[in-house]
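Values in this document were obtained by computation on a predicted structure and should not be read as measured data. Chain naming here is simple, since letters A, B, ... match the order of the sequence lines and numbering starts at 1 in each.
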Amino acid sequence: DVKVTQSSRYLVKRTGEKVFLECVQDMDHENMFWYRQDPGLGLRLIYFSYDVKMKEKGDIPEGYSVSREKKERFSLILESASTNQTSMYLCASSFSGRSYNSPLHFGNGTRLTVT
Amino acid sequence: DAKTTQPTSMDCAEGRAANLPCNHSTISGNEYVYWYRQIHSQGPQYIIHGLKNNETNEMASLIITEDRKSSTLILPHATLRDTAVYYCIVRVVAAGNKLTFGGGTRVLVKP
(Lines give C-alpha, C1' and ligand atoms only; values in the text may rest on other atoms or scores of the structure.)
Protein backbone atom coordinates (compact mmCIF):
# COMPACT_ATOMS: atom_id res chain seq x y z
CA ASP A 1 0.00 0.00 0.00
CA VAL A 2 1.08 3.54 -0.71
CA LYS A 3 2.05 5.40 2.38
CA VAL A 4 2.07 9.17 2.62
CA THR A 5 3.30 10.30 6.01
CA GLN A 6 2.94 13.78 7.41
CA SER A 7 5.33 14.55 10.22
CA SER A 8 2.84 16.01 12.67
CA ARG A 9 -0.83 15.33 13.28
CA TYR A 10 -1.35 18.47 15.37
CA LEU A 11 0.75 21.62 15.52
CA VAL A 12 0.35 24.88 17.43
CA LYS A 13 2.45 27.87 16.42
CA ARG A 14 2.54 31.56 17.21
CA THR A 15 1.89 34.37 14.77
CA GLY A 16 5.06 35.32 12.93
CA GLU A 17 6.82 31.99 13.42
CA LYS A 18 8.34 30.12 10.51
CA VAL A 19 6.57 26.79 10.16
CA PHE A 20 7.68 23.68 8.31
CA LEU A 21 5.22 20.93 7.41
CA GLU A 22 6.91 17.79 6.19
CA CYS A 23 5.56 15.04 3.97
CA VAL A 24 7.21 11.79 2.90
CA GLN A 25 5.94 9.17 0.45
CA ASP A 26 7.33 5.68 -0.01
CA MET A 27 6.13 4.81 -3.53
CA ASP A 28 8.65 6.66 -5.68
CA HIS A 29 5.90 8.99 -6.95
CA GLU A 30 7.00 11.87 -9.14
CA ASN A 31 4.14 14.20 -8.19
CA MET A 32 3.50 15.64 -4.77
CA PHE A 33 0.87 18.13 -3.62
CA TRP A 34 -0.08 20.33 -0.70
CA TYR A 35 -3.73 21.15 -0.03
CA ARG A 36 -5.45 22.95 2.79
CA GLN A 37 -8.94 22.11 3.94
CA ASP A 38 -11.28 24.52 5.66
CA PRO A 39 -14.96 24.15 6.62
CA GLY A 40 -17.20 25.39 3.84
CA LEU A 41 -14.28 25.87 1.44
CA GLY A 42 -13.32 22.27 0.78
CA LEU A 43 -9.83 21.29 -0.35
CA ARG A 44 -7.77 23.97 -2.04
CA LEU A 45 -4.47 23.36 -3.79
CA ILE A 46 -1.54 25.39 -2.48
CA TYR A 47 1.46 24.05 -4.42
CA PHE A 48 2.45 20.96 -6.34
CA SER A 49 5.64 19.49 -7.69
CA TYR A 50 6.29 17.32 -10.74
CA ASP A 51 9.84 16.41 -9.89
CA VAL A 52 12.73 17.15 -7.59
CA LYS A 53 13.38 20.89 -7.39
CA MET A 54 10.30 21.58 -9.54
CA LYS A 55 7.29 23.40 -8.16
CA GLU A 56 4.11 24.95 -9.46
CA LYS A 57 1.70 27.31 -7.76
CA GLY A 58 -1.74 26.02 -7.07
CA ASP A 59 -4.86 28.06 -6.44
CA ILE A 60 -3.83 29.70 -3.16
CA PRO A 61 -0.01 29.96 -2.96
CA GLU A 62 0.14 33.33 -1.17
CA GLY A 63 1.92 33.13 2.16
CA TYR A 64 3.43 29.72 1.42
CA SER A 65 6.50 28.27 -0.20
CA VAL A 66 7.63 24.70 -0.83
CA SER A 67 10.79 22.68 -1.09
CA ARG A 68 11.43 19.42 -2.93
CA GLU A 69 15.08 18.48 -2.53
CA LYS A 70 14.48 14.72 -2.62
CA LYS A 71 11.90 12.79 -4.58
CA GLU A 72 10.22 11.30 -1.53
CA ARG A 73 9.94 14.49 0.50
CA PHE A 74 7.87 17.63 -0.05
CA SER A 75 7.91 20.41 2.52
CA LEU A 76 5.43 23.23 2.94
CA ILE A 77 6.81 26.39 4.52
CA LEU A 78 4.90 29.20 6.15
CA GLU A 79 7.46 31.99 6.21
CA SER A 80 5.59 34.02 8.81
CA ALA A 81 2.56 32.23 10.15
CA SER A 82 -0.68 34.13 10.46
CA THR A 83 -3.95 33.26 12.14
CA ASN A 84 -5.70 32.89 8.77
CA GLN A 85 -3.37 29.98 8.04
CA THR A 86 -4.99 27.95 10.79
CA SER A 87 -6.23 24.96 8.85
CA MET A 88 -5.94 21.26 8.07
CA TYR A 89 -3.05 20.68 5.69
CA LEU A 90 -3.07 17.61 3.47
CA CYS A 91 -0.18 16.20 1.47
CA ALA A 92 -0.69 13.87 -1.50
CA SER A 93 1.41 12.06 -4.10
CA SER A 94 0.91 10.27 -7.40
CA PHE A 95 2.72 8.79 -10.35
CA SER A 96 3.31 10.95 -13.39
CA GLY A 97 4.85 10.27 -16.76
CA ARG A 98 2.44 8.89 -19.31
CA SER A 99 -0.11 8.08 -16.65
CA TYR A 100 -1.84 11.38 -16.02
CA ASN A 101 -4.72 9.35 -14.64
CA SER A 102 -2.81 7.97 -11.70
CA PRO A 103 -4.85 8.62 -8.53
CA LEU A 104 -3.62 10.80 -5.71
CA HIS A 105 -2.81 9.21 -2.37
CA PHE A 106 -3.23 11.41 0.67
CA GLY A 107 -1.69 11.56 4.10
CA ASN A 108 -3.87 11.93 7.19
CA GLY A 109 -3.26 15.63 7.50
CA THR A 110 -1.67 18.11 9.90
CA ARG A 111 -4.04 20.29 11.85
CA LEU A 112 -2.20 23.58 12.32
CA THR A 113 -3.36 26.21 14.76
CA VAL A 114 -1.74 29.65 14.67
CA THR A 115 -2.35 31.72 17.78
CA ASP B 1 -11.86 22.52 -15.08
CA ALA B 2 -15.23 20.91 -15.61
CA LYS B 3 -17.30 21.62 -12.52
CA THR B 4 -19.23 18.92 -10.74
CA THR B 5 -22.53 19.08 -8.91
CA GLN B 6 -23.39 16.68 -6.12
CA PRO B 7 -26.16 16.52 -3.51
CA THR B 8 -25.06 18.06 -0.26
CA SER B 9 -26.04 15.04 1.80
CA MET B 10 -27.81 11.72 1.71
CA ASP B 11 -28.68 8.89 4.06
CA CYS B 12 -28.36 5.20 3.34
CA ALA B 13 -29.46 2.08 5.19
CA GLU B 14 -26.76 -0.32 6.31
CA GLY B 15 -26.53 -3.33 4.01
CA ARG B 16 -28.28 -1.60 1.15
CA ALA B 17 -26.69 -0.19 -1.99
CA ALA B 18 -25.79 3.49 -1.89
CA ASN B 19 -26.10 5.35 -5.19
CA LEU B 20 -24.29 8.67 -5.27
CA PRO B 21 -25.03 10.90 -8.27
CA CYS B 22 -22.74 13.48 -9.84
CA ASN B 23 -23.36 15.91 -12.69
CA HIS B 24 -20.47 17.08 -14.85
CA SER B 25 -22.20 18.49 -17.90
CA THR B 26 -19.17 20.49 -19.13
CA ILE B 27 -16.75 17.57 -19.08
CA SER B 28 -14.46 17.38 -22.09
CA GLY B 29 -13.39 14.31 -24.00
CA ASN B 30 -10.06 13.70 -22.29
CA GLU B 31 -11.20 14.30 -18.73
CA TYR B 32 -11.65 11.39 -16.36
CA VAL B 33 -14.17 11.16 -13.55
CA TYR B 34 -12.64 10.38 -10.15
CA TRP B 35 -14.26 9.53 -6.87
CA TYR B 36 -12.67 10.02 -3.48
CA ARG B 37 -14.05 9.86 0.01
CA GLN B 38 -12.99 11.39 3.27
CA ILE B 39 -13.79 9.80 6.57
CA HIS B 40 -13.76 12.14 9.53
CA SER B 41 -10.25 13.18 10.64
CA GLN B 42 -8.55 11.31 7.82
CA GLY B 43 -7.13 12.31 4.44
CA PRO B 44 -9.16 11.67 1.28
CA GLN B 45 -9.11 8.11 0.02
CA TYR B 46 -9.16 7.19 -3.66
CA ILE B 47 -12.12 4.99 -4.63
CA ILE B 48 -12.35 4.61 -8.40
CA HIS B 49 -12.05 6.47 -11.69
CA GLY B 50 -13.23 6.09 -15.29
CA LEU B 51 -13.39 7.74 -18.69
CA LYS B 52 -16.47 6.44 -20.46
CA ASN B 53 -16.85 2.77 -19.63
CA ASN B 54 -18.34 1.52 -16.40
CA GLU B 55 -15.75 0.48 -13.86
CA THR B 56 -15.80 -1.80 -10.84
CA ASN B 57 -13.27 -2.55 -8.13
CA GLU B 58 -13.35 -4.02 -4.65
CA MET B 59 -14.76 -0.85 -3.16
CA ALA B 60 -17.37 0.38 -5.62
CA SER B 61 -18.80 0.58 -9.12
CA LEU B 62 -18.80 3.65 -11.34
CA ILE B 63 -21.51 4.12 -13.93
CA ILE B 64 -20.92 6.88 -16.49
CA THR B 65 -23.73 7.90 -18.82
CA GLU B 66 -23.17 7.58 -22.54
CA ASP B 67 -22.99 11.34 -23.02
CA ARG B 68 -20.60 11.52 -20.02
CA LYS B 69 -22.53 14.39 -18.51
CA SER B 70 -23.21 12.51 -15.30
CA SER B 71 -22.08 9.51 -13.30
CA THR B 72 -23.14 7.42 -10.31
CA LEU B 73 -20.94 5.84 -7.69
CA ILE B 74 -22.43 2.68 -6.27
CA LEU B 75 -21.43 1.23 -2.92
CA PRO B 76 -23.00 -2.22 -3.22
CA HIS B 77 -23.50 -3.03 0.45
CA ALA B 78 -23.06 0.05 2.59
CA THR B 79 -21.60 -0.39 6.06
CA LEU B 80 -21.38 2.06 8.94
CA ARG B 81 -17.72 2.56 8.05
CA ASP B 82 -18.78 3.99 4.68
CA THR B 83 -20.07 7.10 6.44
CA ALA B 84 -17.96 9.84 4.88
CA VAL B 85 -17.92 12.80 2.50
CA TYR B 86 -17.75 11.58 -1.11
CA TYR B 87 -16.15 13.76 -3.75
CA CYS B 88 -16.76 13.51 -7.47
CA ILE B 89 -13.93 15.16 -9.37
CA VAL B 90 -13.14 15.72 -13.01
CA ARG B 91 -9.45 15.70 -13.67
CA VAL B 92 -7.63 18.33 -15.65
CA VAL B 93 -5.34 15.94 -17.46
CA ALA B 94 -3.05 18.60 -18.92
CA ALA B 95 -2.23 20.06 -15.53
CA GLY B 96 -0.14 17.16 -14.31
CA ASN B 97 -2.60 15.29 -12.15
CA LYS B 98 -3.99 18.36 -10.45
CA LEU B 99 -7.32 17.65 -8.75
CA THR B 100 -9.87 20.29 -7.88
CA PHE B 101 -12.24 19.26 -5.11
CA GLY B 102 -15.81 20.49 -4.82
CA GLY B 103 -18.12 20.33 -1.83
CA GLY B 104 -18.89 16.61 -1.98
CA THR B 105 -21.82 14.60 -0.64
CA ARG B 106 -22.01 13.84 3.05
CA VAL B 107 -23.22 10.23 3.27
CA LEU B 108 -24.58 8.90 6.53
CA VAL B 109 -25.06 5.15 6.72
CA LYS B 110 -27.67 4.30 9.32
CA PRO B 111 -28.17 0.97 11.10
Side-chain angles (χ1 to χ4, degrees), chain A residues 1-6 9-10 21 23 25 27 29-51 54-61 68 74 87-111, chain B residues 1-9 22 27-53 55 57-60 62 64 68 71 73 84-106:
Chain A
D1 271 359
V2 176
K3 194 154 173 119
V4 179
T5 303
Q6 295 184 230
R9 194 83 167 95
Y10 298 95
L21 302 183
C23 174
Q25 50 93 4
M27 282 299 292
H29 285 166
E30 292 86 0
N31 299 327
M32 295 189 75
F33 306 80
W34 276 106
Y35 287 84
R36 65 177 280 178
Q37 185 172 28
D38 302 287
L41 296 176
L43 279 83
R44 293 179 290 168
L45 182 63
I46 305 171
Y47 266 97
F48 56 109
S49 168
Y50 297 124
D51 201 350
M54 302 294 288
K55 60 185 179 184
E56 294 283 341
K57 292 180 180 179
D59 300 317
I60 52 163
R68 184 114 181 255
F74 192 35
S87 186
M88 169 70 87
Y89 289 88
L90 290 158
C91 175
S93 70
S94 72
F95 283 116
S96 184
R98 290 177 296 176
S99 178
Y100 284 122
N101 307 308
S102 166
L104 269 64
H105 298 271
F106 284 83
N108 276 332
T110 295
R111 187 167 293 281
Chain B
D1 293 5
K3 291 187 187 291
T4 62
T5 305
Q6 299 177 252
T8 304
S9 64
C22 179
I27 193 170
S28 58
N30 62 350
E31 289 179 314
Y32 282 64
V33 179
Y34 280 76
W35 283 84
Y36 283 75
R37 73 179 183 184
Q38 188 171 23
I39 295 168
H40 183 61
S41 297
Q42 297 182 21
Q45 176 189 22
Y46 165 77
I47 301 173
I48 198 167
H49 73 281
L51 182 63
K52 53 185 177 182
N53 297 320
E55 302 287 344
N57 63 20
E58 66 278 3
M59 289 182 69
L62 174 61
I64 302 174
R68 302 208 326 122
S71 60
L73 179 75
V85 178
Y86 287 77
Y87 296 98
C88 169
I89 300 159
V90 174
R91 187 166 223 173
V92 180
V93 174
N97 298 337
K98 175 181 168 180
L99 282 185
T100 301
F101 284 75
T105 298
R106 189 171 297 275

Closest non-hydrogen atom pair between A/P103 and B/Y46, with its separation:
CB-CD1, 3.2 Å
Taking all atoms of both residues into account, what is the closest heavy-atom pair of A/L90 and B/P44, and its distance?
CD1-CD, 3.9 Å
Which portion of A/Q6 sits near chain B, non-hydrogen atoms under 4.5 angstrom:
neither
With only heavy atoms counted, which part of A/R44 is less than 4.5 Å from chain B, the side chain, the backbone, both or neither?
neither
Looking at residues at least two apart in the chain, or sitting in another chain, which of them share a side chain to side chain contact (heavy atoms under 4.5 Å, CB included) with A/S87?
A/R36, A/D38, A/Y89
Could you tell me whether a side-chain N or O of B/Y36 sits under 3.5 Å from a main-chain N or O of A/L104, the two making a donor and an acceptor?
yes
Side chain, backbone, both or neither: which part of B/Q45 has a non-hydrogen atom closer than 4.5 Å to chain A?
neither
